[in-house]
Structures are given as C-alpha cells and as structure tokens.
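Heads up: the structure comes next, in structure tokens.
These numbers were taken from a predicted model, which means no experiment stands behind them. Each ligand, and each atom within it, is numbered from 1 in the order the structure gives.
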Amino acid sequence: MSTLIEAIEGDITTQRVEAIVNAANSSLTGGGGVDGAIHAAAGPRLLEACRALRAESLPDGLPAGEAVATDAFDLPARWVIHTVGPDRRAGQTDPDLLASCFTRSLDVARDLGAKSIALPAVGAGVFGWDAAEAARLAVDAVRAHPGVEEGEFDVVRFVLFGEKTLRAFVDALRR
Ligand code: AR6
C-alpha cells in the first residue's frame, strides 16, 4: 500500500488520526497559534507531560528541527508530536531546519507505530516562513521520508488554516 499525502483546510485539533503534530517552541510550555489551540483542546495534562519531558530529558528545551511525542489526552488523537520550527524573526533562516521538523516528526510517528498523521504548516505563522516556501519544504520532506516511500503510513494529512496556506500546499503537492 502506498501512503496518501493530502492537504485540507481545517482545525488540526479535531482530526481523527493517531498522531497530530504541534508547531511548538523550544520551551514546550505552550504558546499561541496552533500550539495554543492544541494545549487548550488536550487539557492541562498536556502541559504537565511537556514539563515532565523537559525535566527528565530536555533541560535546555527542544532544539529547532527536532521532534518529541507525548500522549494527546483529551484530543481525539493518541499522540501529539511536538516539533519546533526555526524562528525567522530570531535569524533562524536555514531551510534544512524547517524540513527537518517534518522529517523528524515522521521519524517519531514511525517509532510510535502511528499510521495516520496530521501536520500543520509548521513555521508559517508566528515564526515567519513564507507559506509557499514552507509548503515546498514540507511536501519534499514528507515525500522523501522512508515511512512514506515504503508505504508504512496510511495517510499523512496537512491540515491548514486559511485559503492562502491551503493553496500553497495544494500547489506543492501538484508539483
Ligand atoms: N489548526 C491548523 N492550523 C492552525 C491552527 C489550528 N488549530 N491554528 C493556527 N494554525 P503558528 P509557527 C496555523 O504560529 O509559525 C506559537 O506561539 C497558522 O495559521 O501556530 O511554527 C508557538 O508556541 C499557521 O498557518 O506556528 C511558537 O512560539 C500555522 O498553523 C510559535 O507560535 C503555524 O502557525 C511557532 O510559530
């Protein structure tokens, strides 16, 4: 079986998939945007789990381009995979770091055995990446992932806010 890669407009917190990806920051203690929405929908146990991860294994926070999983608590999903985009406002402009967010998130999903994964437009909000560039990097990284190439995932779904971002991902998928 091959992996379906698709893009839809919607709210990632309502997705009935096994894992959803969060566009977090390195503190893992929540924020605005999709991070705020995921924490609000998952309930306070998500913040507790993130704090525990920080204390146990990430004393300096999660670096940009990396990913780590927690339970998803009150969300329909089973797991939240937290990744941290490079912050263009802080001078982190390396596209490989943004691509790595998608690669490492799928690495974590594969390790968990998740077959269905929803991802937002990591980096394309507060962190300042152009939606079209973020979409190209995201789609290329997902297509090149071994779990996708080998058809280990059933579906990898980009869940986007707004017509412009949806269009950017649909265009990238058509290339
Ligand atoms: N479902 C899907 N997409 C969403 C949702 C949602 N519920 N809410 C927002 N988006 P951003 P970043 C879109 O800013 O650029 C946070 O404060 C949004 O419209 O959430 O990686 C973190 O704590 C945009 O297209 O993530 C960090 O400090 C995309 O998700 C910082 O923002 C990403 O926007 C991370 O910034």
Looking at ligand 1, would A24 count as a contact under a 4.0 Å heavy-atom criterion?
yes
Criterion side chain to side chain donor-acceptor pair (under 3.5 Å) on D107 and H145, from CA distance to verdict
CA-CA 8 Å; D107 288 346; H145 193 272; 2.7 Å; yes
Atom indices of ligand 1 within 4.0 angstrom of G31 heavy atoms, with elements
17 (O), 23 (O)
By number and element, which atoms of ligand 1 are closer than 4.0 Å to a non-hydrogen atom of V159?
2 (C), 3 (N)
Does R157 form a side chain to side chain contact (heavy atoms under 4.5 Å, CB included) with I8? I'd like the steps, not just the answer.
CA-CA 7 Å; R157 180 181 302 148; I8 64 163; 3.7 Å; yes
Taking CZ in R78 as the centre, count heavy atoms belonging to other residues, nucleotides or ligands within less than 6.0 Å. Is the count above 12?
no
Option set A23, A118, P86, A121, criterion heavy-atom distance to atom 33 (C) of ligand 1, minimum
A121
Atom 14 (O) of ligand 1: nearest protein contact (heavy atom, Å)
V126 N, 2.8 Å
Is the count of non-hydrogen atoms from other residues, nucleotides or ligands lying under 6.0 Å from R89 atom CZ greater than 12?
yes
Thinking salt bridges, do R175 and D140 make one under a 4.0 Å N-O criterion?
yes
Any idea which atoms of ligand 1 are less than 4.0 Å away from a heavy-atom of D35?
22 (C), 23 (O)
Any G10 heavy atom less than 4.0 Å from ligand 1:
yes
Only heavy atoms count here, so choose which of A131, G33, G32 is nearest to atom 16 (C) of ligand 1.
G32
Note: R110-E152 ion pair, threshold 4.0 Å (strictly below)
yes
Shortest protein contact, atom 34 (O) of ligand 1 (heavy atom only)
G125 CA, 3.3 Å
Given F169, which of D171, T165, L166 fulfils the side chain to side chain contact (heavy atoms under 4.5 Å, CB included) condition?
T165
Would you say N25's side chain and S27's backbone share a donor-acceptor pair under 3.5 angstrom?
yes
Can you confirm whether L119 sits close enough to V122 that some side-chain heavy atom of one is under 4.5 Å from a side-chain heavy atom of the other?
no
For a salt bridge (charged side-chain N to carboxylate O under 4.0 Å, His left out) check, start with the C-alpha distance between D71 and R45, then their side-chain angles and the critical distance, and finish with the verdict.
CA-CA 9 Å; D71 285 346; R45 289 177 296 169; over 6 Å; no
Among protein heavy atoms, which sits nearest to atom 20 (O) of ligand 1, and what does the distance come to when rounded to 0.1 Å?
V34 N, 2.8 Å
T13 to ligand 1: N or O pair under 3.5 Å?
no
So which of W129, F161, F158 gets nearest to atom 13 (C) of ligand 1, if we judge by its closest heavy atom?
F161
Within the 4.0 Å heavy-atom shell around D11, which atoms of ligand 1 are there?
1 (N), 6 (C), 7 (N)
I'd like to check L160 versus P120 (side-chain heavy atoms, cut-off strictly below 4.5 Å). Are they in contact?
no
By number and element, which atoms of ligand 1 are closer than 4.0 Å to a non-hydrogen atom of G123?
12 (P), 15 (O), 21 (O)
What is the nearest protein non-hydrogen atom to atom 31 (C) of ligand 1, stated with its residue, atom name and distance?
F127 CE2, 3.6 Å
List the closest protein heavy-atom neighbour of atom 28 (O) of ligand 1: residue, atom name, distance to the nearest 0.1 Å.
N25 ND2, 3.2 Å
Among all the protein's non-hydrogen atoms, which is closest to atom 1 (N) of ligand 1, and how far away is it?
I12 N, 3.0 Å
Which ligand 1 atoms are under 4.0 Å away from a heavy-atom of A37?
7 (N)
Does ligand 1 have any atom that is closer than 4.0 Å to a heavy atom of G85?
no
If the threshold is 4.0 Å, N to carboxylate O, is there a salt bridge linking E9 and K164?
no
